[in-house]
Amino acid sequence: MIRILKCGEVSNDAIFARAVPAVNVEAIVADIIEDVKKNGDEALKKYTLKFDGAALDSLTVSKEEMDEALAATEPKFLDILERAAANIRKFHSRQVRNSFIINDEDGIVTGQKVIPVDRAGLYVPGGTAAYPSTVLMDAIPAKIAGVKEVVITTPCGKDGKVNPVILAAAHVAGVDRIFKIGGAQAVAALAYGTETVPRVDKIVGPGNAFVAEAKKQVFGRVSIDMIAGPSEILIVADGKTDARCAAADLLSQAEHDKMASAVLVTDSAELAEKVSAELEKQIPQLERAEIARVSIDNNGKIIVAETLMDAIAIANEIAPEHLELCVDNPFDYLDAIRYAGSIFMGRSCPEALGDYFAGPNHTLPTSGTARFSSPLSVDDFVKKTQYTYYTPAALARVAKDVAYFACQEGLTAHARSAVVRLEDKE
């Protein structure tokens with residue numbers, strides 16, 4: 001049963017405690033990465049057989065497999081994918097940054113070029129669930145950014161095939177190539193390249209503890225989006241909130257993973273009790289009841305605060321991945337929320353809208369990192385290059401100032417490089 005904690009009656013450590021995975025995967029992942037670096041495709045096939053039970057002749061999803069998956073996908077689902085993709089494109093198109101140039105001083109030009117990375121690798125989880133939504137959320141911003149090649153790695157089944165809904169979403173999103181590999185070995189392949197899998201410039205997408213650790217270890221060889229932890233939802237709710245809806249929304253994240261965190265913060269002790277009772281009613285009805293049960297019992301909690309503003313202060317301290325604001329006039333409180341990956345406003349906005357359909361990205365910072373990081377966006381797939389141009393006359397106006405500045409840092413060669421061009425002119 002979920003814990004109910006009352007502010008002032010329990011310690012802050014209990015209120016703000018986070019679930020931490022017990023397994024130490026660092027050494028295991030390091031060995032896998034090294035194996036893939038040395039042995040390429042051979043290592044990938046070995047791990048696919050070991051972890052996924054599939055003996056692969058080819059690591060690449062063929063055109064025939066893609067056509068077969070599209071034929072097997074229900075037209076209704078394809079239509080929903082297209083509509084969701086349209087919403088995602090509409091939202092992310094507003095994130096596009098433009099290059100700029102400044103030339104308002106005589107003889108001086110400065111500017112910035114915004115350039116997409118050449119190749120992006122998207123990790124799409126498999127295992128206990130399929131995530132076509134992640135395909136859309138990660139691939140569409142990359143395409144909008146102008147990335148030349150977008151590739152996916154995702155685990156296959158024992159039959160050596162990728163879930164058809166993943167392939168259907170890849171088709172809708174315009175993914176260029178798909179590889180049947182998962183886990184830390186997939187991240188290693190994207191970072192270092194193999195005979196089949198190309199090296200990428202950026203790796204994005206969520207995954208389990210092994211995937212997260214692999215992304216951490218290859219960062220610097222390639223860029224990554226973030227180190228994602230288990231899924232999180234925090235609901236700030238007043239006493240008018242429907243307990244059934246609040247419980248259902250908590251469970252929408254609890255069913256992801258036994259390590260997922262579902263938290264309700266409310267100013268109503270009555271709502272707290274009702275939501276606790278609703279969770280007990282609803283958990284047995286879930287297809288993933290075992291996972292949700294462990295998540296709620298181990299990592300779930302209901303926090304009773306004195307006021308709604310106290311509840312929001314607690315939410316800011318936790319800095320959740322998903323934050324639902326189930327109150328009257330939610331926009332009145334929006335500015336008070338500083339730290340959250342994505343905010344869902346009002347009582348008619350379940351977090352599932354953001355997972356699948358609304359348009360804002362669902363690849364979000366977790367584990368409190370929303371205090372300083374942002375959702376996946378078009379910005380993740382571009383780099384910025386600056387440039388500077390001075391005419392001889394423009395340099396002459398400032399060279400001695402530059403040299404003086406350099407001397408304050410004790411860097412006389414810097415100073416010399418600024419004034420040497422003036423010597424022939426004097």
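Crowding of Arg97 atom CZ: a count of heavy atoms from other residues, nucleotides or ligands under 6.0 Å not exceeding 12. More than 12 heavy atoms of other residues, nucleotides or ligands sit less than 6.0 Å from atom CZ of Phe357. For Tyr387, the OH atom counts as densely surrounded, since its 6.0 Å shell holds more than 12 non-hydrogen atoms of other residues, nucleotides or ligands. More than 12 non-hydrogen atoms from other residues, nucleotides or ligands lie less than 6.0 angstrom from NZ of Lys384. For Asp79, the CG atom sits in a packed shell: over 12 heavy atoms of surrounding residues, nucleotides or ligands are nearer than 6.0 Å. For CZ of Phe77, the number of neighbouring non-hydrogen atoms (other residues, nucleotides, ligands) closer than 6.0 Å is greater than 12. Shown here is Glu306, whose CD atom has no more than 12 heavy atoms of other residues, nucleotides or ligands within 6.0 Å. More than 12 non-hydrogen atoms from other residues, nucleotides or ligands lie less than 6.0 angstrom from CD of Glu195.
With contacts defined as side-chain heavy-atom distances shorter than 4.5 Å, the pair Asn24/Glu26 qualifies. Under the 4.5 Å side-chain criterion, counting only non-hydrogen atoms from C-beta, Glu321 is not in contact with Ile233. Side-chain contact between Val187 and Leu190 is absent, with no heavy-atom pair separated by less than 4.5 Å. Taking the side chain as every heavy atom from C-beta outward, Thr194 and Val197 approach each other to under 4.5 Å. In this structure, the side chains of Leu271 and Glu273 stay at 4.5 Å or more apart for every pair of heavy atoms. Inter-residue side-chain proximity for Glu287 and Glu255 is flagged as unmet; no heavy-atom pair is nearer than 4.5 Å. A heavy-atom distance below 4.5 Å is not found between the side chains of Asp267 and Val304. No side-chain heavy atom of Phe179 sits under 4.5 Å from any side-chain heavy atom of Ile152.
For the pair Lys240 (side chain) and Asp328 (backbone), a donor-acceptor distance under 3.5 Å is absent. In this structure, Ser295 contributes its side chain and Ala260 its backbone to a donor-acceptor pair below 3.5 Å. Without hydrogens or angle criteria, Lys45 side chain to Asp57 main chain gives a donor-acceptor distance under 3.5 Å. Side chain of Asp52 to main chain of Ala54: no donor-acceptor pair is present (N/O by atom type, distance under 3.5 Å, no hydrogens or angles). Side-chain N or O atoms of Thr266 include one that pairs as donor or acceptor with a backbone N or O of Ala237 at under 3.5 Å. Of the possible donor and acceptor atoms, one in the side chain of Asn316 sits under 3.5 Å from a partner among the backbone N and O of Ala336. Using a distance-only test at 3.5 Å, with no hydrogens or angles considered, no donor-acceptor pair links the side chain of Asp380 to the main chain of Val382. Looking only at distances, no side-chain donor or acceptor of Ser268 sits under 3.5 Å from a matching main-chain atom of Gly239. Side-chain atoms of Asp201 do not come within 3.5 Å of backbone N or O of Val117 as any donor-acceptor pair. Asp225 places a side-chain N or O within donor-acceptor distance of the main-chain N or O of Gly205, the cut-off being under 3.5 Å.
With rounding to the nearest 0.5 Å, the separation of CZ in Phe16 from OG in Ser11 is 10.0 Å. The line from OH of Tyr356 to NE2 of His362 is 8.5 Å long, rounded to the nearest 0.5 Å. Atom CD1 of Ile235 sits about 12.0 Å away from atom CD1 of Ile303, to the nearest 0.5 Å. Atom OG of Ser93 and atom CD1 of Ile144 lie 4.0 Å apart (nearest 0.5 Å). Atoms OH and CG, on Tyr333 and Leu325 in that order, are 8.0 Å from each other to the nearest 0.5 Å. Between atom CG of residue Leu250 and atom NZ of residue Lys301 there is a gap of 12.5 Å, rounded to the nearest 0.5 Å.
Of the options Ser342, Ser373, Pro320, a side chain to side chain contact (heavy atoms under 4.5 Å, CB included) to Pro365 is made by Ser373 and by none of the others. The side chain to side chain contact (heavy atoms under 4.5 Å, CB included) test with Ile203 singles out one residue from Val218, Leu122, Thr153, Val211, and that residue is Val218. Among Arg199, Arg119, Lys202, the single residue meeting the salt bridge (Lys or Arg N to Asp or Glu O under 4.0 Å) criterion with Glu149 is Arg119.
Relative ring orientation between His256 and Tyr131 is described as parallel, the plane-to-plane angle staying below 30° on a 0-90° scale split at 30° and 60°.
Under the 3.5 Å distance criterion, with hydrogens and angles disregarded, no donor-acceptor pair is assigned to the side chains of Glu232 and Gln253. Side-chain polar atoms of Ser377 and Asn361 form no donor-acceptor pair below 3.5 angstrom. Side chains of Arg347 and Thr241: a donor on one and an acceptor on the other come within 3.5 Å. Counting only N and O atoms by type, the side chains of Lys274 and Ser276 include no donor and acceptor under 3.5 Å apart. When only modelled atom types and interatomic distance are considered, Asp249 and Ser252 share no side-chain donor-acceptor pair under 3.5 Å. Between the side chains of Glu65 and Ser62, at least one donor-acceptor pair of N or O atoms lies under 3.5 Å. Remark: the Tyr389 side chain and the Asn103 side chain contain no N/O donor-acceptor pair separated by less than 3.5 Å. Counted by atom type alone, Asp41 and Thr196 present one or more donor-acceptor pairs between their side chains at under 3.5 Å.
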- request: Go through the steps for Tyr47 and Asp35 under the test side-chain hydrogen bond (donor to acceptor under 3.5 Å, both in side chains), then give the verdict.
  value: CA-CA 10 Å; Tyr47 290 121; Asp35 192 3; 2.8 Å; yes

- request: Check step by step if side-chain hydrogen bond (donor to acceptor under 3.5 Å, both in side chains) holds for Thr385 and Lys383.
  value: CA-CA 7 Å; Thr385 298; Lys383 61 181 292 292; 2.9 Å; yes

